[in-house]
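Some notes on the structure that comes next.
Here the structure is a predicted model, which is why all the values come from computation and not from measurement.
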Protein chains: 2
Amino acid sequence: MARRTGRRPGNPATREAILQASRAAFAERGYDAASIRQIATGAGVDPALVHHYFGTKEQLFLAAVQAPIDPRELIPQVLAGGVDGVGARLVRTFVRVWDSPRGGTAAALLRSAVTNEWTARMLREFVITQILRRAIRELGLEGPDAMLRAGLVASQLLGLATTRYVLKLEPLVSATADQLAAAIGPTVQRYLTGDIGQDG
Amino acid sequence: MARRTGRRPGNPATREAILQASRAAFAERGYDAASIRQIATGAGVDPALVHHYFGTKEQLFLAAVQAPIDPRELIPQVLAGGVDGVGARLVRTFVRVWDSPRGGTAAALLRSAVTNEWTARMLREFVITQILRRAIRELGLEGPDAMLRAGLVASQLLGLATTRYVLKLEPLVSATADQLAAAIGPTVQRYLTGDIGQDG
DNA sequence: AGAAGAATTCAACAGATGTTGAAGTCAACG
DNA sequence: CGTTGACTTCAACATCTGTTGAATTCTTCT
């Protein structure tokens, strides 16, 4: 008996436009600096409509950032070929994702995490539970120093993201995915499977 | 003949207090999120006094960030012992600086550069001219791929800074400088002097 | 046609921001 | 003493922020 009369919620075009504009804004300005009014203007909409659809600014950020990130589909591509060369494949996949349109979402998370406390918590939780732990399990890298290995990988990859996509430091910006995989791949490989100099 | 009457500019205590409060604010909130009023309150001073001493907010940021960074004094300490083990020494020195009180300045630069365009330009320029070029010259690493090597080093070290000091990702936060030097030193060493897989 | 209700907009709120100019306070000089 | 001028504060400005509630448009149903 529910909902029989009234206008249908159809035509989610504007809703999607708001999401898209918010992703762009969050990606290039970060959570704090991005403004609802700026997002609304970018979507050609009244600011109040943003709240009508998504509620508070935090909820909008969650909606904008949550959807298009799903590392599960990338794991097979990285693992194909076994442990040998997994470092280079991980770097190449990482660069490919950040170069794609969906890389904006990652940039939004990183940019926001640096100045905003709860987004930092979000990114930390996401990196740990969705990426690091999963990668450790899939690669069979159990052991007492597994989290340290994962953290080292995260430091190198996030550093690459910071210098290449945020700081825009040459020549890393112009380097190809293959060049970066050749240069950084061995680092990641060693962090995952090599000697990292702990306890002996 | 100049300035013979009037109150002397003496007692720069409050001026220094403002500088100190601004460093703290910029370090933990970044350029955009840090506010003049917050800084003034932290220094126990009226907001207008901040402008009286430093002019605009950008000038205050420059004053707060410019002084206590001088990489020249650190270079000998990194170079002592020759090229062998320079990677580990660089990592250890890097961690030591960021762990010291002056690390706040670096954190301010990094946090600000991520959301603010002109601070990003500042940090980029600083990293290139004050650190990378100088390190290349002092280490005698001339060559066509010198800047790429330096960029790779920057990516790993900035990544360490992001994960350890901004994102606060365990177990990197609790790791000692020696542990980090043992784990990351070889990476830096290879970026500087090893095979990074380009043109051959 | 008429009613219902989602989509959308208008106008305003309370608060924070950087900045400014005028005023007040106080130490050092002629 | 009286003037000078740096130090310091007060009050206000224009602008932006997130958010809200009422009003309006427009589509879909009975």
Side-chain angles (χ1 to χ4, degrees), chain A residues 1-22 25-26 28-65 108 111-112 115-119, chain B residues 1-22 25-26 28-65 108 111-112 115-119:
Chain A
M1 291 310 179
R3 81 144 58 157
R4 260 187 294 156
T5 76
R7 184 178 181 174
R8 284 295 115 84
N11 186 27
T14 56
R15 199 191 138 97
E16 208 55 40
I18 293 174
L19 264 184
Q20 193 174 330
S22 73
F26 286 135
E28 72 176 284
R29 321 241 308 135
Y31 176 82
D32 285 317
S35 80
I36 298 276
R37 284 174 163 84
Q38 174 194 143
I39 290 170
T41 301
V45 176
D46 190 275
L49 194 59
V50 178
H51 286 98
H52 171 69
Y53 274 123
F54 297 97
T56 168
K57 186 182 181 183
E58 294 194 359
Q59 294 171 313
L60 171 63
F61 181 80
L62 288 178
V65 125
R111 280 206 146 93
S112 303
T115 42
N116 194 279
E117 196 45 55
W118 76 270
T119 54
Chain B
M1 295 305 183
R3 78 148 55 160
R4 259 187 295 157
T5 77
R7 185 178 182 174
R8 284 294 117 84
N11 186 25
T14 57
R15 197 191 139 98
E16 207 55 40
I18 293 174
L19 264 184
Q20 192 174 332
S22 74
F26 286 136
E28 70 176 287
R29 322 238 310 133
Y31 176 82
D32 285 316
S35 80
I36 298 277
R37 283 173 163 86
Q38 174 194 147
I39 290 170
T41 301
V45 176
D46 190 275
L49 194 59
V50 178
H51 286 98
H52 170 68
Y53 274 123
F54 298 97
T56 169
K57 186 182 180 182
E58 294 195 357
Q59 295 171 312
L60 171 63
F61 182 80
L62 288 177
V65 125
R111 280 205 145 94
S112 303
T115 42
N116 194 278
E117 196 46 52
W118 78 269
T119 53

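- Atom CZ in A/F54 sits roughly 15 Å away from atom P in D/dG18 (whole-Å rounding).
- In this entry the distance linking NE2 of B/H51 with P of D/dT9 reads 15 Å, nearest Å.
- Between the OH atom of B/Y53 and the C1' atom of D/dT9 there is a distance of 13 Å, rounded to whole Å.
- If you measure from atom CG of B/D32 to atom C1' of C/dA16, you get 14 Å, rounded to the nearest angstrom.
- Distance CG/A/L62 to CH2/A/W118: 4.5 Å, rounded to 0.5 Å.
- When each of C/dG18, D/dT8, C/dT8 is scored by its nearest atom to the side-chain atoms of B/L49, the top-ranked nucleotide is D/dT8.
- Atom NZ of A/K57 is separated from atom P of D/dC16 by 15 Å (rounded to the nearest Å).
- Here B/A34 lies in heavy-atom contact (under 4.0 Å) with sugar-phosphate atoms only.
- Regarding contacts with the backbone of D/dT19, a side-chain N or O of A/T56 is found under 4.0 angstrom from either OP1 or OP2.
- Ranked by how close their nearest DNA chain D nucleotide is to the 5' end, B/H52 and A/P47 are led by B/H52.
- Side-chain atoms of A/R37 lie closest to D/dT17 of the nucleotides D/dT17, C/dT17, D/dT8.
- The backbone N or O of A/Q59 sits nowhere less than 3.5 Å from a side-chain atom of A/T56 that would complete a donor-acceptor pair.
- Computed from coordinates, the B/D46 CG to D/dA6 C1' distance equals 16 Å when rounded to whole Å.
- The phosphate of C/dT8 (OP1 or OP2) has a side-chain N or O of A/T14 nearer than 4.0 angstrom.
- Under the 3.5 Å distance criterion, the side-chain polar atoms of B/K57 are matched with a main-chain donor or acceptor of B/Y31.
- A donor-acceptor pair under 3.5 Å links the side-chain atoms of B/T119 to the main chain of B/S112, judged by distance alone.
- Protein atom OH of A/Y31 is 14 Å distant from nucleotide atom P of D/dT17, rounded to whole Å.
- Atom CD1 in B/I36 sits about 10 Å away from atom P in C/dT17, given to the nearest Å.
- Both A/S35 and B/A48 lie close to DNA chain D; mapped to their nearest nucleotides by heavy-atom distance, the more 5′-ward contact belongs to B/A48.
- Relative ring orientation between B/F61 and B/F26 is described as perpendicular, the plane-to-plane angle rising above 60° on a 0-90° scale split at 30° and 60°.
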